[in-house]
Enquirer: 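Below are the structure tokens for one structure; questions will follow.
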Amino acid sequence: MDRHLENIREDVFRRNQGEAEFHQAVTEVFESLEPVVSRHPEYAEAAILQRMCEPERQIIFRVPWVDDSGRVQINRGFRVEFNSALGPYKGGLRFHPSVYLGIVKFLGFEQVFKNALTGMPIGGGKGGSDFDPRGKSNGEVMRFCQSFMTELYRHIGEHTDVPAGDIGVGAREIGYLFGQYKRITNRYESGVLTGKGTGWGGSLVRPEATGFGAVLFAQEMLRTRGAGLDGQRVVVSGSGNVAINAIAKAQSLGATVVAASDSSGYVVDESGIDVGLLRTIKETERGRISEYAERRGRGVAYVAGGNVWDVDATVALPSATQNELDAKSAGRLVERGVVAVAEGANMPCTAEATAIFQEAGVLFGPGKAANAGGVATSALEMQQNASRDSWSFEHTERRLGEIMVGIHDTCARTAEEYGQPGNYVAGANIAGFVKVADAMLALGVI
Ligand SMILES: NC(=O)C1=CN([C@@H]2O[C@H](COP(=O)(O)OP(=O)(O)OC[C@H]3O[C@@H](n4cnc5c(N)ncnc54)[C@H](O)[C@@H]3O)[C@@H](O)[C@H]2O)C=CC1
Ligand SMILES: O=C(O)CCC(=O)C(=O)O
């Protein structure tokens, strides 16, 4: 990293102390940018990078709610509106006990570049709360969502900021959030949230889109080496929205997905994960992955507390959470012959793990490119809401496919143009950066 970039980075660290994940995300982007800033002095003159690292607005608020035993509970809510040069802030809400400002900012920062790569007119933002939905009743989740929206509603809108789901936020939570927004504002403003139920303004394919998209991205990377998903042995981490739909798509393309996990352990099913059973346990019953092994029966192992990356794979799809795949796991996967890694989650590989994959010549698709299918389909949902239309599954899935191929090609072409063929990390960071930077230049110092 050259001195100019290093100085800006140091300043970002100083101004945002204790936010390790945000520092990590900024460092990863800056490491790609040297060739761009030396080719384009106008970006430095307009302080584009400094402005990109400073969110346009950060909102932190109290979320009081009453639990089933009548006790008052307090959580903290966040919405970081990072960059609106390309369109309204867009990005999910995460409900998980680990959520704090540093996590929301890393996610919001990544989202800016990701959304730019989709080619859709959306800026970047992210939000959430340290609320833990695990073990909560339906009524508690509803009351929490209503309280969260009672503050958030004044900051969002279809032309301002459009939240969606992320960890711990799915169609149920989006329903409660939308209901409260509608009630408070007296407006049926469909485009204010995405990930809605398909019966009331949601888009077909949005639930599947992130997982499907990550697999399509992996397929495009494999295609550059004359291969495909067919016959690959795949390991997926997580067993939530992204993981389940990645498993379904990979198997429909001829791969065998042999393992999946949750935060308590992992299962190995050599004959291929039964997606229907996994969906029932995780989505309908909100159960644990250990139940999958119990119900699937003989030949399926459950490893409590284990590391899913101990399972051999030719294709790895980390789809759970940030920094879940470290250098040791990466080294092991390389040793055992992994050929492609596509990040379904946001920043699931540590910086060291990413470097190990890249040095070993493994095809590596970073999250901001590989998991962009979810937010891209959210933008398709906004299009349908704006035109009061609803598209067929086939049409929407075809659009998702075109967008993923487009993102792949943009990353590959940009990496080549900047002298790093095959480096999708550099390609994604540079292409996303240039798109946002040019819009910021055009809009003046704001
Ligand atoms: N839902 C979406 O459309 C998008 C999600 N993402 C990212 O994908 C990742 C997963 O999100 P979702 O599937 O939506 O969330 P989810 O809440 O549906 O599922 C999360 C899953 O990860 C598991 N998990 C959490 N921590 C874990 C750990 N330490 N080890 C193993 N498993 C763990 C949970 O048990 C759960 O199965 C996150 O990084 C999220 O930011 C990225 C783009 C879009
Ligand atoms: O669909 C969206 O707006 C949010 C998706 C998201 O949070 C992500 O891409 O990480």
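Please read these numbers as outputs of a predicted model, since none were measured by experiment. In each ligand, atom 1 is the first atom listed, and ligand 1 is the first ligand listed.
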Enquirer: Is there at least one pair of N or O atoms, one from R94 and one from ligand 1, spaced under 3.5 Å apart?
Expert: yes
Enquirer: To the nearest 0.1 Å, how far is atom 7 (O) of ligand 2 from its closest protein heavy atom, and which atom is that?
Expert: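 Minimum-distance protein heavy atom for atom 7 (O) of ligand 2 reads K126 NZ, 2.6 Å.
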Enquirer: Below the 3.5 angstrom mark, is there an N/O of V242, backbone or side chain, next to an N/O of ligand 1?
Expert: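 Yes, there is a polar N/O contact under 3.5 Å.
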Enquirer: Check this for me, if you would: do R206 and E381 make a salt bridge, where the nitrogen-to-carboxylate-oxygen distance has to be below 4.0 angstrom?
Expert: no
Enquirer: List every atom of ligand 2 that sits less than 4.0 Å from any heavy atom of G92, numbering the atoms from 1 in the order shown and giving each element.
Expert: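 Numbered from 1, ligand 2 contributes 4 (C), 6 (C), 7 (O).
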Enquirer: Can you name the atoms of ligand 2, numbered from 1 with element, that are less than 4.0 Å from a heavy atom of G165?
Expert: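 That gives atoms 7 (O) of ligand 2.
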Enquirer: Of the listed options (K368, E110, K114, R206), which comes nearest to atom 5 (C) of ligand 2 when hydrogens are ignored and any heavy atom counts?
Expert: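 Checking each option, the heavy atom nearest atom 5 (C) of ligand 2 is found in R206.
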Enquirer: Within the 4.0 Å heavy-atom shell around K90, which atoms of ligand 2 are there?
Expert: 2 (C), 3 (O)
Enquirer: So, taking the atom named OG1 in T160 and the one named CZ in R154, what distance separates them when rounded to the nearest 0.5 Å?
Expert: 14.0 Å
Enquirer: So does R288 pair up with D262, basic N to acidic O under 4.0 Å?
Expert: yes
Enquirer: Looking only at distance, does R206 have an N or O less than 3.5 Å from an N or O of ligand 1?
Expert: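 Such a contact does occur with ligand 1.
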Enquirer: Heavy atoms only: which of P348, S264, G240, A370 is nearest to atom 20 (C) of ligand 1?
Expert: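 Minimum heavy-atom distance to atom 20 (C) of ligand 1 goes to G240.
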Enquirer: Looking only at protein heavy atoms, which one is nearest to atom 29 (N) of ligand 1, and how far off is it?
Expert: T321 CG2, 3.8 Å
Enquirer: Between Y266 and D310, does any side-chain donor sit less than 3.5 Å from a side-chain acceptor?
Expert: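 No, no side-chain donor-acceptor contact under 3.5 Å.
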Enquirer: With no hydrogens and no angle check, just 3.5 Å: does a side-chain donor-acceptor pair link D68 and S137?
Expert: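 Yes, side-chain donor-acceptor contact under 3.5 Å.
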Enquirer: Are there protein heavy-atom neighbours of atom 34 (C) of ligand 1 below 4.0 Å?
Expert: no
